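See below for the structure under consideration.
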Amino acid sequence: MAETKTYREALREAMVHEMERDENVILMGEDIGVYGGTHLITDGLIDDWGPKRVMDTPISENGFTGAAVGMAMMGMRPIVEMMTWNFSFLAADQIIQHAAKLRYFSGGQVQVPLVIRGPNGGGVQLSAQHTHSLENFYGHFPGLKVVAPVTPNDVKGMMITAVRDPNPVIFLEAGALYGTKGEVEEGDNAVPFGKARVAREGDDVTLIAYGRQVNLCLRVADTLEEEDGVSVEVIDLRSIRPFDEDAIVESVEKTHRAVAVQEQWRWFGVASEVAAIIQDRAFDYLDAPVERVSGAEVPAPYARNLEIAAFPSEKQVANAARRVLYMEEK
Amino acid sequence: MPEENGNGENGGVEAREEGSVATSADRLVDLYREMVTVRRFEEACQRGFRQGKIGGYLHVYIGQEAVAVGFLDSFKEGDKVITAYRDHPHALLLGSDPKNVMAELYGRGSGIVKGKGGSMHLFDVERGMMGGYGIVGGHIPIGVGIAYALKYHETDNICQLYLGDGAMSQGAFHEAANLAGLWGKDGQCPCLFIVENNQYGMGTSVERTTAMTDLAAKFDAYGIEHEKVDGMDIDAVLEAAERLTEQVRETGKPYAVEALTYRTAPHGAGDFFEKYRTKEEIEEWRQRDPIGILEKKLLESEAADEEKLDEIKGEAKEQIDEAVKFADESEQPPIEELYTDVYAGEDEYMGEE
């Protein structure tokens, strides 16, 4: 059974599903209760669950994230909302220096089953301080798991998996897509981490992305098929750490060409990792160098036209695909 | 006692009457034993560091023993303890075997955290030791969360949260204290903040880091009641510890104690010159050494004679010598341990071995 739901509804459904299952699951964050949540993900939940399960916090990301680490060490399973991931820099000491490493430096004596979630990425004119794509940043640190679901079904299934995971999970939501709709499975649809999704099957070139860039790649795939007669495969990574290397390699063994697309800056980004993995494991299958399409190397601007220009465009991605296919750019 | 913290004579602590706590002679002798054992352990660490057997950073508790010994005397089963990196005594006093603690410092597989954490990260979760932490102030929000969880799980346990004077300039402290005060309004935060004010954050004295040198009073800003205690006097610490742990246990509200103490040893093993303080100052505090004070008290009250004290010192030395021998003879961790405990569950390691 599946029903059409928004990304927002699917996400909320997953959290409620897990709160019903385990009373150690609590929600905490800024304005998630009485106010209803800045992005309305948790709207109304405080009425159903009360302030102990849906806890409004002061504006102190490092403080409440650290407290959640302590709760998690004690067997609670807090889901912490970062109003936006941009504020997580204030909590970076707790996330990176504590949550990620506690299990290791305690010699395996503690675990930190903590989910930190919130909107990530740009696209809604929030400018420099409120626009970051942090997959590579958090993906760098051993001890964290990092996921970036883009479909309503995945956001539900991956949140269920995140809550059940005994490790700290960085849950990066496609902030610009909370209102988008899709089919969502009923009940427990737990989606495993570390498994990419083939968002569209194709034979001639592979586009690899995650988050809202997957949707961009799907539109590009339509264009390339219609205008150029090219069959495009689109891979949605979904999970950054753990990372599904096999899915990429298998696809490139079939298509022999790859373009990695990311909203974040090019340097030291996820796309570079994708290119390196292909070079390591599928070098002999390649018919062209791997292309990367990334955001412009600037802090995110405000004006709509500048913001659009700062992120990968359909044209850029389509032309990158054409280049690896040795076709004329358009 | 020097007036380093600007709180006036005797560090702002009101003089307590001698013997204000009905502390039995036997109990004081036991506490003496604990303090001497901790001291011997720390001295052995200093030797181990000089010999190159202990690497990294090493922070010893010499001079501050009455604080941890006194407060942990009120520890009850199920309580939790969290502290920063001057953490050896907290583990030892909760019952961790000195052999495994020393082995940790020696980087051995038999170490209390398998040789993965070292001096700054002692954990003994079974005994309530929720860790030593290396980032000043970083453990404070965690301790507040632990206290919250104790109430969420409907226990009557508390969290003893130790922090230094230096940590009180960190944002993490202020954010966590704010949360503790807030949650305490509903009786949901049984957290006893124990400020080990040893007068210096590394080499910078309290009055060189804040205009508000009354550290206990800083908790006023967060609605947390507080007091000071003479951290060199085990009797005074015991009195405060018994009363305040029970109060926090009953109310579920946080409370803060500033224990005025002094680290007579250098900050860290690499702190050779101690340019930030004078020999005279150290000597002055040494006159109030907590072990010396207790020794005098025991002798004067005839709770113990010189012979008994020597016997205790001898036993402590023997125990610590054994710990050093054990550590020295233990194997290094097996190389496979490099890759374990990164993640809980199936994905213990996600890289290429």
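In the text below, chain A, chain B and the rest are named by the order of the sequence lines, each starting its count at 1. Note that the structure is a prediction, hence the values are computed from the model and not measured.
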Do the two ring centres, one from [X] and one from [Y], sit under 6.0 Å apart?
{"X": "B:Y106", "Y": "B:F326", "result": "no"}
{"X": "B:Y57", "Y": "B:Y85", "result": "no"}
{"X": "A:F105", "Y": "B:H121", "result": "yes"}

Subject >> Electrostatic pair A:E81-A:R117, nearest N-O below 4.0 angstrom >> reply: yes

Given that the side chain runs from C-beta out, which part of [X] has a heavy atom under 4.5 Å from chain B: side chain, backbone, both or neither?
{"X": "A:F193", "result": "neither"}
{"X": "A:Q94", "result": "side chain"}
{"X": "A:R164", "result": "neither"}
{"X": "A:K145", "result": "both"}

For each of [options], tally heavy-atom pairs with chain B at distances under 4.5 Å, and name the one with the top tally.
{"options": "A:I26, A:T57, A:D165, A:N167", "value": "A:N167"}
{"options": "A:R241, A:K52, A:M71", "value": "A:M71"}
{"options": "A:N24, A:I59, A:L90", "value": "A:N24"}
{"options": "A:M76, A:E61, A:M55", "value": "A:M76"}

Can I get a per-line list of side-chain donor-acceptor pairs under 3.5 Å for residues 172-180 of chain B, giving both atom names and the distance, sequence neighbours left out?
from   : atom 1 : to     : atom 2 : distance (Å)
B:H174 : ND1    : B:Y222 : OH     : 2.7
B:H174 : NE2    : B:M168 : O      : 2.9
B:E175 : OE1    : A:N62  : N      : 3.3
B:E175 : OE1    : A:G63  : N      : 2.5

Subject >> Separation between CG of A:L45 and CE of A:M19, rounded to the nearest 0.5 Å >> reply: 6.5 Å

**OP:** Say whether, by atom type as modelled, one donor and one acceptor occur between the side chain of B:R86 and the main chain of B:Y61 under 3.5 angstrom.
**Re:** no

Enumerate, atom names and distances included, each donor-acceptor pair closer than 3.5 Å involving a side-chain atom of residues 124-139 of chain B, sequence neighbours excluded.
from   : atom 1 : to     : atom 2 : distance (Å)
B:D124 : OD2    : B:S96  : OG     : 2.7
B:D124 : OD2    : B:R127 : NH1    : 2.9
B:R127 : NE     : B:G95  : O      : 3.2
B:Y133 : OH     : B:M130 : O      : 2.8
B:H139 : NE2    : B:Y162 : O      : 2.6

**OP:** Give the minimum heavy-atom separation between A:D56 and A:I32, together with the two atoms involved.
**Re:** OD1-N, 3.0 Å

[X] versus chain A, heavy atoms under 4.5 Å apart: side chain, backbone, both or neither?
{"X": "B:Y148", "answer": "side chain"}
{"X": "B:I140", "answer": "neither"}
{"X": "B:Q188", "answer": "side chain"}

**OP:** With sequence neighbours left out, write down each residue that passes side chain to side chain contact (heavy atoms under 4.5 Å, CB included) with A:F268, or none if nothing qualifies.
**Re:** none

Original post:
How would you list, in number order, the residues of residues 111-118 of chain B that have a heavy atom less than 4.5 Å from chain A?
Top reply: B:I112, B:V113, B:K114, B:K116, B:G117

Subject >> Residue of the set A:F89, A:Y138, A:W85 for which ring-ring contact (aromatic ring centres under 6.0 Å, His included) holds with A:H132 >> reply: A:F89

